[in-house]
Peer 1: 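One structure, as C-alpha cells, below. Some questions next.
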Amino acid sequence: MNYWLVKTEPNECSIDDIANATQQTMRWDGVRNYQARNFLAAMALNDLVFIYHSSCTKVGIAGIAKVVRTHYPDPTQFDPESAYFDSKSKPDEPRWYAVDLQFVEKFSRVIPLQELKQNPALTNNKLVQKGSRLSVMPFSQQEWNAVYE
DNA sequence: GCCAACGTTGGC
DNA sequence: GCCAACGTTGGC
C-alpha cells in the first residue's frame, strides 16, 4: 500500500466533485509534468490519495480518495478541443497518463497548508517546500499518519 | 549541451 | 493581481 497526494483546483475537481460523481469516481487527468506523471504511473490499486485544494481561499488537504484504476493513456492528450491537448503525443506512444480515483472520505475541515508546514513530520515532503510545483507526490506512511491524526 | 526566453504554477 | 520558482523550448 502506497500513499500519495494530488493537487487540484477545487473549481475543477474538488473533494465534493469526487463525492458527487457517478459511482463517486473521477478520472484524474491533465497531468503534464514528467515527474508527476511518473508518480501517477507508480500508483497501485487501492493506494490512498490525499486530495489537496490549491489556488483557492482555503488551501490545504480536503480529504481522501483511492486508486480504483491504475494508469492508462490520458484521453485528453489526443483531443484537440481539450485544454490538455498535446500535439506531440501519439496514440501508439502516449506521453501522459490518467488514473481513476474514488471518494473515500471528506475531512470535517480543510487542513491548512500553514498547519502542514508546521508539522515536523512533513519537513522533507515536497508539498511544503518553497517553490515546489509538483502536482502528484508520494507520502510515506509516517507522513500520512502525521496528517491523518 | 548550453542557456536565455518564455509559459505555468500556486501562495499570498 | 503580483511575483518567485520552476519546467520546457529552441536557437546556437
Side-chain angles (χ1 to χ4, degrees), chain A residues 2-21 25-43 47-67 69-140 142-149:
Chain A
N2 306 304
Y3 300 97
W4 309 92
L5 177 142
V6 297
K7 293 180 181 173
T8 176
E9 298 192 12
N11 56 357
E12 289 178 352
C13 184
S14 69
I15 190 74
D16 287 329
D17 291 336
I18 301 173
N20 295 327
T25 298
M26 298 269 296
R27 186 177 70 217
W28 201 268
D29 57 21
V31 168
R32 294 294 179 269
N33 168 284
Y34 287 102
Q35 200 182 353
R37 178 202 68 178
N38 294 341
F39 285 133
L40 264 194
M43 288 181 180
D47 279 359
L48 293 178
V49 182
F50 280 137
I51 303 299
Y52 177 90
H53 288 175
S54 71
S55 299
C56 59
T57 51
K58 290 170 76 178
V59 169
I61 299 176
I64 299 175
K66 71 174 177 180
V67 178
R69 183 179 175 191
T70 57
H71 75 289
Y72 57 98
D74 178 351
T76 63
Q77 69 193 309
F78 306 122
D79 176 8
E81 303 292 306
S82 169
Y84 299 121
F85 178 64
D86 184 346
S87 60
K88 292 174 186 165
S89 195
K90 297 168 189 152
D92 56 342
E93 207 178 331
R95 281 185 162 190
W96 308 113
Y97 306 127
V99 298
D100 287 352
L101 296 183
Q102 184 174 54
F103 178 80
V104 172
E105 175 178 351
K106 178 184 177 178
F107 294 156
S108 54
R109 65 184 182 105
V110 175
I111 304 171
L113 177 60
Q114 271 309 320
E115 195 173 317
L116 298 167
K117 281 182 176 170
Q118 287 163 13
N119 192 327
L122 295 181
T123 311
N124 294 321
N125 190 282
K126 280 260 188 289
L127 181 68
V128 299
Q129 286 167 11
K130 193 184 174 190
S132 173
R133 304 184 337 196
L134 193 60
S135 58
V136 180
M137 68 195 75
F139 264 59
S140 69
Q142 289 79 5
E143 290 169 331
W144 179 276
N145 290 343
V147 173
Y148 193 66
E149 281 168 11

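Below, chains carry the letters A, B, ... as their sequence lines are ordered, and counting in each starts from 1.
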Peer 1: Please answer whether the main-chain N or O of L116(A) pairs with a side-chain N or O of N119(A) as donor and acceptor at a distance below 3.5 Å.
Peer 2: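 No.
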Peer 1: Return the value, rounded to whole Å, for the distance between atom CZ of R32(A) and atom C1' of dT8(B).
Peer 2: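 Atom CZ in R32(A) sits about 14 Å away from atom C1' in dT8(B).
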Peer 1: Expressed as a whole number of angstroms, how long is the span from R133(A):CZ to dG11(B):P?
Peer 2: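 The distance from CZ of R133(A) to P of dG11(B) comes to 12 Å, rounded to the nearest Å.
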Peer 1: Rounded to the Å, how far apart are D86(A) CG and dG7(C) P?
Peer 2: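 It works out to 18 Å between those atoms.
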Peer 1: dA5(C) P sits how many Å from Q35(A) CD, rounded?
Peer 2: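 Taking CD of Q35(A) and P of dA5(C), I get 18 Å after rounding.
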Peer 1: Among dG7(C), dC12(B), dG10(B), find the nucleotide with the atom closest to the side chain of Q114(A).
Peer 2: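 Taking heavy atoms from C-beta onward, the closest nucleotide is dC12(B).
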Peer 1: Give a yes/no answer on whether the side chain of K130(A) brings an N or O atom under 4.0 Å of OP1 or OP2 in dG10(B).
Peer 2: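 For K130(A), the contact criterion (side-chain N or O under 4.0 Å from OP1 or OP2 of dG10(B)) is not met.
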Peer 1: I want to verify a distance call: between dG11(B), dG10(C), dG7(C), whose nearest atom is closest to the K88(A) side chain?
Peer 2: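 The answer is dG10(C), which lies nearest to the side chain.
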Peer 1: Applying the side-chain contact (heavy atoms from CB on, under 4.5 Å) test to W28(A), which of V67(A), D74(A), V49(A), T8(A) qualifies?
Peer 2: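 The passing option is T8(A).
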Peer 1: In this structure, how many angstroms lie between the P atom of dT8(C) and the CZ atom of R37(A), rounded?
Peer 2: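 Rounded to the whole Å, the gap is 10 Å.
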Peer 1: Is the shortest side-chain N to carboxylate O distance from R32(A) to D86(A) below 4.0 Å?
Peer 2: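 Result for this pair is no, no salt bridge flagged.
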Peer 1: Got a donor-acceptor contact below 3.5 angstrom from the K7(A) side chain to the L134(A) backbone?
Peer 2: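 Flag set: sc K7(A) to bb L134(A) pair under 3.5 Å.
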Peer 1: Where the side chain of E143(A) meets the backbone of S140(A), is there a donor-acceptor pair that is under 3.5 Å apart?
Peer 2: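 Here the side-chain-to-backbone pair exists.
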Peer 1: Please report the distance, rounded to the nearest Å, between CZ in R95(A) and P in dG7(C).
Peer 2: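 So the two atoms are 16 Å apart, to the nearest Å.
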Peer 1: Among dT8(C), dT9(B), dG11(B), which nucleotide sits nearest the side chain of Y52(A)?
Peer 2: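 Nucleotide nearest to Y52(A)'s side chain: dG11(B).
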Peer 1: When you get a sec, tell me which of dG11(B), dT8(C), dG10(C) is the closest nucleotide to the side chain of K117(A)?
Peer 2: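 Within the option list, the nearest is dG11(B).
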Peer 1: Taking the side chain of K7(A) as heavy atoms from C-beta outward, which of dG11(B), dG7(C), dG10(B) is closest to it?
Peer 2: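 Comparing dG11(B), dG7(C), dG10(B) against the side chain of K7(A), the answer is dG10(B).
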Peer 1: Which residues, if any, of residues 11-18 of chain A bring a heavy atom under 4.0 Å of DNA chain B?
Peer 2: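 Of all residues in residues 11-18 of chain A, none places a heavy atom under 4.0 Å from DNA chain B.
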Peer 1: Counting distance only, does the side-chain N/O of Q77(A) pair as donor-acceptor with the main-chain N or O of S89(A) below 3.5 Å?
Peer 2: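 No: the side chain of Q77(A) does not pair with the backbone of S89(A).
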Peer 1: Scan S55(A) against the nucleic acid and name what it touches under 4.0 Å (heavy atoms): base, sugar-phosphate only, or nothing.
Peer 2: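 Base, at least one base atom sits under 4.0 Å.
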Peer 1: Nearest whole angstrom, please: distance from the C1' of dG10(B) to the CD of E9(A).
Peer 2: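 Interatomic distance, CD of E9(A) to C1' of dG10(B): 8 Å.
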Peer 1: Has the side chain of H53(A) got a donor or acceptor atom that lies under 3.5 Å from a matching backbone atom of I15(A)?
Peer 2: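 Answer holds: yes.
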Peer 1: Rounding to a whole Å, what distance do you find between Q129(A):CD and dG10(B):P?
Peer 2: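 Answer to the nearest Å: 14 Å.
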